[in-house]
Novice: 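Quick one: this structure, given as structure tokens, is what I'll be asking you about.
Ligands are counted one by one from 1 in listed order, and the atoms in each one are counted from 1 as well.
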Amino acid sequence: FGKFQEYDYLIKVVLIGDAAVGKSSLLLKYIDGTFDDTYVCTIGVDFKIKSLILDTKRIKLQVWDTAGQERFKPITKCYFRGSHGCVVLFDITNKQSYNNVRLWIKDYQENNTVDSAENIVIIGNKADKEDDRQVTVEEGLFLAESVNASYLETSAKSGEGVGEAFESIAKVVLRNM
Ligand code: GDP
């Protein structure tokens, strides 16, 4: 007889957004609590697991980190299908990465089942670089509202908002289960 299950829910989410917005850094900070200034691009996909407790429910959160480059798009799309939700990241110091959020969401929704398509959290990362900010908090909130998602800002460097970001996507997925 199998052993007792260690969790109540297995939640799979994908981390998407342009290259260099900080997807890998955010995930690393969340999982290991570390930050590295050197840029190593993700090849295809990578995933990490974190256990958390939300409203007494034991959650096993599986986060798929995808590569932002065009050439990896066919690979990353396969992972959209099996996921329950997505975290779309942009860099608050890079307006283009903000403008591309809608395209990422469209990509995600077109490649996912209807019941998971609405589980989206938008993150404005690099919030520690306030002096270089190109996207205001209001613009972030406005975009999120227009696609029925929530908006949060994070810094993978300082750790600000990181735990909240992943908890918030887990909560959205749980709510719609
Ligand atoms: P990815 O391609 O989206 O996975 O981006 P990376 O995680 O590789 O990050 C790209 C670059 O941005 C790296 O040099 C990181 O050190 C840097 N970076 C990522 N997040 C932050 C952040 O919150 N603040 C600052 N200052 N730099 C960051």
Novice: Quick one: side-chain hydrogen bond (donor to acceptor under 3.5 Å, both in side chains) partners of S146, sequence neighbours excluded?
Specialist: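 With sequence neighbours excluded, S146 shows a side-chain hydrogen bond (donor to acceptor under 3.5 Å, both in side chains) to R102, given in chain and number order.
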Novice: Going by distance only, is there an N or O of K129 that falls short of 3.5 Å from an N or O of ligand 1?
Specialist: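 Between K129 and ligand 1 (N or O atoms, distance only) the closest approach is not under 3.5 Å.
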Novice: List for me each residue that meets side-chain contact (heavy atoms from CB on, under 4.5 Å) alongside L103, sequence neighbours excluded, and say none if there are none.
Specialist: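 N100.
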Novice: Applying the side chain to side chain contact (heavy atoms under 4.5 Å, CB included) criterion to L143, which one of V135, I122, N99 satisfies it?
Specialist: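 Option passing the side chain to side chain contact (heavy atoms under 4.5 Å, CB included) with L143: I122.
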Novice: Parallel, tilted or perpendicular for Y151 and F90, by the 30°/60° rule?
Specialist: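 Parallel, since the angle between the ring planes stays under 30°.
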Novice: Please say whether G22 places an N or O atom under 3.5 Å from an N or O atom belonging to ligand 1.
Specialist: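 So ligand 1 has an N or O lying under 3.5 Å from an N or O of G22.
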Novice: Test of understanding: given a 4.0 Å heavy-atom threshold, classify the contact between N125 and ligand 1 as side chain, backbone, both, or neither.
Specialist: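 Side chain only.
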Novice: Out of all atoms in ligand 1, which are within 4.0 Å of some heavy atom of K23? Include the element for each.
Specialist: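 In order of numbering, the contacting atoms are 1 (P), 2 (O), 3 (O), 4 (O), 5 (O), 7 (O).
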Novice: Is it true that the NZ or CZ of K50 lies under 6.0 Å from the centre of Y30's six-membered ring and within 45 degrees of the ring axis?
Specialist: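 Judged by the rule, K50 and Y30 form a cation-pi pair.
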Novice: Before signing off on this row, confirm whether A127 and ligand 1 have an N or O atom pair separated by under 3.5 Å.
Specialist: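 Among all N and O atoms of A127, none is under 3.5 Å from an N or O of ligand 1.
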Novice: If I apply the N/O under 3.5 Å rule, does D128 come out as touching ligand 1?
Specialist: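 Min N/O separation from ligand 1 is below 3.5 Å for D128.
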Novice: Please confirm whether A19 comes within less than 3.5 Å of ligand 1 when only nitrogen or oxygen atoms on both sides are compared.
Specialist: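 Between A19 and ligand 1, no N or O pair is found under 3.5 Å apart.
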Novice: Identify, by atom number and element, the atoms of ligand 1 in contact range of S155, meaning under 4.0 Å from any of its heavy atoms.
Specialist: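 So the atoms of ligand 1 that pass are 23 (O).
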Novice: If only side-chain N and O atoms count, and only distance matters, is there a donor-acceptor pair under 3.5 Å linking S24 with D65?
Specialist: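 Yes - a donor-acceptor pair under 3.5 Å links their side chains.
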Novice: Does S25, backbone or side chain, put an N or O under 3.5 Å from an N or O of ligand 1?
Specialist: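 Yes, at least one N or O pair falls under 3.5 Å.
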